[in-house]
Amino acid sequence: MGVALRPLIADYKEVLPWDRLGGIAAIDAYNALYQFLSGIRQPDGTPLMDEEGRITSHLSGLLFRTANLVEKNITPVYVFDGKPPKFKEATLAERRVIRENAKESWERAVKEGDEESARKYAMASSKVDAFILESSKELLTALGIPWVQAPEEGEAQSAYMAAAGDVTYAVSQDYDSLLFGAPKLLRNLTVSGKRRVNGKMVAVYPEQLLLDQVLGGLEMTQVDLIAAALLIGTDYNSGVKGVGPKTAVKLVKEGKFAERILESENAAEPEELIRYFLEPPVEKQYTIAKKAPVRERVVEILCEQHGFSEERVAAGLERLGSTKGQATLDSWFS
DNA sequence: CCGATTGA
DNA sequence: TCAATCGGG
């Protein structure tokens, strides 16, 4: 979920207006789904659910965000994680513990009537499980929106597709795709332009990070950046105690990476981790063509199976179909 | 998170 | 026109 690179690269981010964006965006599906699951909730933390109690927050998020992006001339390609690499196990176990504790705290806060805490803990208890993944892929297929199954890390797959020139951006709130070599990273790709931070709504704007600018600004190579990240700590290793972004850069430039990385847990083979960032397993055969939405199928999934309002779904579908220059009413007036 | 409504 | 609020499933 992310390497704490933020302070290192904050100087190189460029805030872009929506009309300067456009092209194909490889979206980290796990990252987006987690945002929907944690954010689309009632004040007490209850997510959207259908009659059978299945979570539907992610389906709502996917429909409306996808419609927005297509309207803004951005074609999304959702990239799904595959099997996690073995050195990610400690991080995943840690996340599971945090999630389970949050779930207990959520239940307690609801009992005590503390809504603010309830929502906070509910957000932290969000889990992208098999149902969430399967139903998301099913909906995207019906919407005609392409998605790609990565063999391992989705961030690595997005980075590969961006470096190959098949997509314009890698999209994620995390910075890992830079370590995997994505030339352009886009963050805050939300249309509402707002995010909840400690209960308060703050404005956020799409921001672009260019790998070349980051490396040029830091006067580092790609391997240097990866080395610095490993010293700070990634999903794959703990990092070195007392080493933050600034010290990490300094140590790498002084050539002290090899000696200091030995202090990090789970980095017994730092060369292997570096190689993983440089040459991760990726799928090289993929198609990313957007198709027309299959209207009846979308209605079947959202309205019939999950109880969405037909009116809202129709509105979403309208927006999805309208940009892709087929014969609409508009064309008779041009 | 997103859309619609409201109220200044 | 826009920030705040509410309901979505």
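Below, chain A is the first sequence line, B the second, and so on; all start at residue 1.
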In this structure, how many angstroms lie between the C1' atom of C/dG8 and the CG atom of A/Leu37, rounded? 15 Å
Here the distance between atom C1' of B/dC2 and atom CG of A/Leu69, to the nearest Å, is 12 Å
Between C/dG9, B/dC1, B/dG3, spot the one nearest the side chain of A/Phe308, thanks. C/dG9
Measure the distance from CZ on A/Arg312 to C1' on B/dC2 and round it to the nearest whole Å. 8 Å
salt_bridge(A/Glu318, A/Arg295) N-O dist < 4.0 Å: yes
List the atom of A/Gly242, the atom of A/Thr247, and the distance in Å for their closest heavy-atom pair. O-OG1, 4.5 Å
Ignoring hydrogens, what is the shortest heavy-atom contact between A/Asp176 and A/Asp235? Give both atom names and the distance. OD2-OD2, 4.0 Å
With sequence neighbours left out, the residues meeting salt bridge (charged side-chain N to carboxylate O under 4.0 Å, His left out) with A/Arg260 are A/Glu263
Look for any protein N or O under 3.5 Å of an N or O in nucleotides 2-5 of chain C and output each such pair with its distance, or none.
none

Hey, is the side chain of A/Arg65 poking within less than 4.0 Å of OP1 or OP2 on B/dC1, counting only N and O atoms? no
Counting the atoms with a prime plus P, OP1 and OP2 as sugar-phosphate, which does A/Ser57 contact under 4.0 Å by heavy atoms, base, sugar-phosphate, or nothing? nothing
With a 4.0 Å cutoff (strictly under), does any side-chain N or O of A/Asn68 reach OP1 or OP2 of B/dG3? yes
Remember a base hit wins even if backbone is also touched, and classify A/Arg41 as base, sugar-phosphate or nothing at under 4.0 Å, heavy atoms. base
Whole-Å gap separating C1' (C/dG9) and CD1 (A/Ile301): 16 Å
Proximity to the side chain of A/Met49 - top-ranked nucleotide from C/dG9, B/dC2, B/dG3: C/dG9
Need one value for A/Glu51: base, sugar-phosphate or nothing, where a base atom within 4.0 Å counts as base even if backbone is also close, heavy atoms only. nothing
Within 45° cone and under 6.0 Å: A/Arg99 NZ/CZ vs A/Trp106 ring: no
Rounded distance (Å) that lies between atom P of B/dC1 and atom CG of A/Asn31: 12 Å
Kindly assign one of parallel, tilted or perpendicular to the pair A/Tyr236 and A/Phe180, based on the angle between their ring planes and the thresholds 30° and 60°. perpendicular
Heavy atoms from C-beta onward define the side chain here; which of C/dG9, B/dG3, B/dC1 lies closest to that of A/Ile40? B/dC1
If I take atom CD in residue A/Glu318 and atom C1' in nucleotide B/dG3, what distance separates them, rounded to the nearest angstrom? 16 Å
A/Glu304: salt bridge (charged side-chain N to carboxylate O under 4.0 Å, His left out) partners, not counting sequence neighbours: none
Out of B/dC1, B/dG3, C/dG9, which nucleotide sits closest to the side chain of A/Arg119? B/dC1
Expressed in angstrom and rounded to an integer, what is the separation of A/Ile55 atom CD1 from C/dG8 atom C1'? 15 Å
Nearest-angstrom distance from the residue atom CZ of A/Arg187 to C1' of B/dC1: 16 Å
